[in-house]
Amino acid sequence: MKLKITTEAYQSIVMKIGSGIPEKGGILMGKDGIITNFIFDKNAHTTGSTYSLDVAYLNPIIKELKLQGKQLMGIIHSHPYGAFELSNPDKEYFMSQFKNFPDLDFLYTPIVFSAKQEEFTFFPYVFHKDGTVETGELEILPNDYEKYTRKVEEPNHDTIAQRQEVLIVIKKEAPATIPERERQPELELLLLIMLFSNLYFFILGLATAIVPLTFFYIIKNL
């Protein structure tokens, strides 16, 4: 599964939690299966190895983004360098969030290493509702990705009507073709004429050969 994220959201993650001491984090929101917003949880409850959201701070932001047609897509936080897997407390916490968002079948739950400790690293984990963890594939998109996304447009009835008129005109001006069934009797008649013509010339040629021979025979026997 691909974790698709806009460049702006990715850069915000790098600046906000990729340059600070773990554990820091926030929420991921977006639409069309693409993460477009990273909301830094500046009041998160953190220790050196645990992270939990400040719901009171984040809920108003979530509601505001929902009015823009976006939805919660995941939770991201940083780990101390070397702890590249989701911890059991992480899994328990993420599992509890499905009660608050029953429509979700999975959450993007990436872990990052901060450049404050070593180098910035992004692990694109996906946490499923059944508790399984999948390692996704990170894909960073342009901020204006919608320009490159093909959308199915509603048919323009005026355009359809114009095309139908053009087709009617073309059909009227096009030379009429003779249906196959109508052409078949004509072909049969032509074949018969050719057959009789060949037979006629064959008999004529035969007669032309026989007459001289007959005269020769008669003259010889006189």
Side-chain angles (χ1 to χ4, degrees), residues 1-87 89-91 93-98 100-101 104-128 133-149:
M1 178 182 294
K2 287 189 176 182
L3 189 157
K4 299 180 180 181
I5 184 170
T6 62
T7 302
E8 183 179 4
Y10 184 80
Q11 288 175 338
S12 182
I13 291 169
V14 174
M15 289 186 292
K16 296 291 185 179
I17 63 176
S19 58
I21 298 297
E23 290 197 8
K24 297 183 183 297
I27 60 172
L28 305 170
M29 296 194 68
K31 61 179 181 178
D32 304 324
I34 298 170
I35 298 167
T36 58
N37 297 82
F38 164 65
I39 314 302
F40 178 55
D41 188 359
K42 60 183 179 181
N43 300 316
H45 306 293
T46 64
T47 66
S49 58
T50 62
Y51 171 83
S52 59
L53 298 172
D54 180 1
V55 178
Y57 168 72
L58 294 173
N59 276 349
I61 301 174
I62 293 173
K63 289 180 181 179
E64 183 179 347
L65 289 174
K66 279 187 175 181
L67 294 176
Q68 300 176 23
K70 299 181 181 182
Q71 63 177 357
L72 178 74
M73 297 183 65
I75 302 170
I76 183 170
H77 67 293
S78 58
H79 269 194
Y81 190 80
F84 57 86
E85 293 183 344
L86 295 174
S87 65
D90 287 337
K91 295 176 183 178
Y93 181 71
F94 296 146
M95 185 64 75
S96 69
Q97 294 305 303
F98 286 112
N100 300 324
F101 303 95
L104 296 179
D105 293 323
F106 64 87
L107 285 167
Y108 292 114
T109 56
I111 289 173
V112 300
F113 290 159
S114 172
K116 193 79 172 179
Q117 291 185 319
E118 290 287 341
E119 61 177 332
F120 179 81
T121 313
F122 191 103
F123 300 93
Y125 292 125
V126 184
F127 189 82
H128 293 270
V133 179
E134 176 185 356
T135 301
E137 180 184 350
L138 177 64
E139 182 176 352
I140 303 173
L141 303 176
N143 296 326
D144 57 349
Y145 69 91
E146 290 177 322
K147 290 183 180 180
Y148 309 98
T149 304

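The shortest heavy-atom contact between P142 and T6 is O-CG2, 4.1 Å. In plain terms, the two heavy atoms of S12 and F38 that are nearest each other are OG-CD2, 3.4 Å. Scanning all heavy atoms of the two residues, the minimum distance from P60 to V55 falls at CD-O, 4.5 Å.
For S114 (side chain) and V112 (main-chain N/O), no donor-acceptor pair under 3.5 Å exists by modelled atom type. Of the possible donor and acceptor atoms, one in the side chain of Q117 sits under 3.5 Å from a partner among the backbone N and O of Y81. When atom types are taken as modelled, the side chain of D41 and the backbone of D54 share a donor-acceptor pair closer than 3.5 angstrom. Using a distance-only test at 3.5 Å, with no hydrogens or angles considered, no donor-acceptor pair links the side chain of T7 to the main chain of N143.
Contact of the E134 side chain with the Y125 side chain is not registered, since no non-hydrogen atoms from C-beta on lie closer than 4.5 Å. In this structure, F94 and L86 have side chains that are in contact, with non-hydrogen atoms separated by less than 4.5 Å. Two residues are said to be in side-chain contact when any heavy atoms from C-beta on lie closer than 4.5 Å; E85 and V133 fail this criterion. I13 is not listed as a side-chain neighbour of P110, based on a closest heavy-atom distance of 4.5 Å or more. At least one side-chain heavy atom of I39 sits under 4.5 Å from a side-chain heavy atom of L65.
Between F120 and F122, the ring-plane angle classifies as tilted under the 30° and 60° cut-offs. The aromatic rings of H128 and F106 sit tilted relative to each other, their planes meeting at an angle between 30° and 60°.
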### Query
Are Q97 and L72 close enough, and set up right, to give a side-chain contact (heavy atoms from CB on, under 4.5 Å), and what steps lead you there?
CA-CA 11 Å; Q97 294 305 303; L72 178 74; over 6 Å; no
### Task
Go through the steps for H79 and E23 under the test side-chain contact (heavy atoms from CB on, under 4.5 Å), then give the verdict.
CA-CA 6 Å; H79 269 194; E23 290 197 8; 3.4 Å; yes
#### Entry: F127/F98 under side-chain contact (heavy atoms from CB on, under 4.5 Å): CA gap, chis, key distance, verdict
CA-CA 10 Å; F127 189 82; F98 286 112; 3.7 Å; yes
### Task
Apply side-chain contact (heavy atoms from CB on, under 4.5 Å) to I17 and F40, showing your working.
CA-CA 8 Å; I17 63 176; F40 178 55; 3.6 Å; yes
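Rounded to the nearest 0.5 Å, atoms OH (Y10) and CD1 (I5) are 8.0 Å apart. How far CG of L3 is from CD1 of I140: 9.5 Å, rounded to the nearest 0.5 Å. Atoms CG and CD1, from L141 and I34 in turn, are 5.0 Å apart once rounded to the nearest 0.5 Å. How far CG of D32 is from CD1 of I35: 12.5 Å, rounded to the nearest 0.5 Å. One distance of note links CG of N37 with CD1 of I61; it measures 10.5 Å at 0.5 Å rounding. Taking OH from Y108 and CD1 from I76, the interatomic distance works out to 13.0 Å, rounded to the nearest 0.5 Å.
The number of heavy-atom neighbours closer than 6.0 Å to OH of Y57, taken from other residues, nucleotides and ligands shown, is above 12. For E8, the CD atom is loosely surrounded, since the number of other residues' heavy atoms within 6.0 Å does not exceed 12.
Not counting sequence neighbours, the partners of K31 by the salt bridge (charged side-chain N to carboxylate O under 4.0 Å, His left out) test are E146. Remark: K116 pairs with no residue by the salt bridge (charged side-chain N to carboxylate O under 4.0 Å, His left out) rule, at least two apart or across chains.
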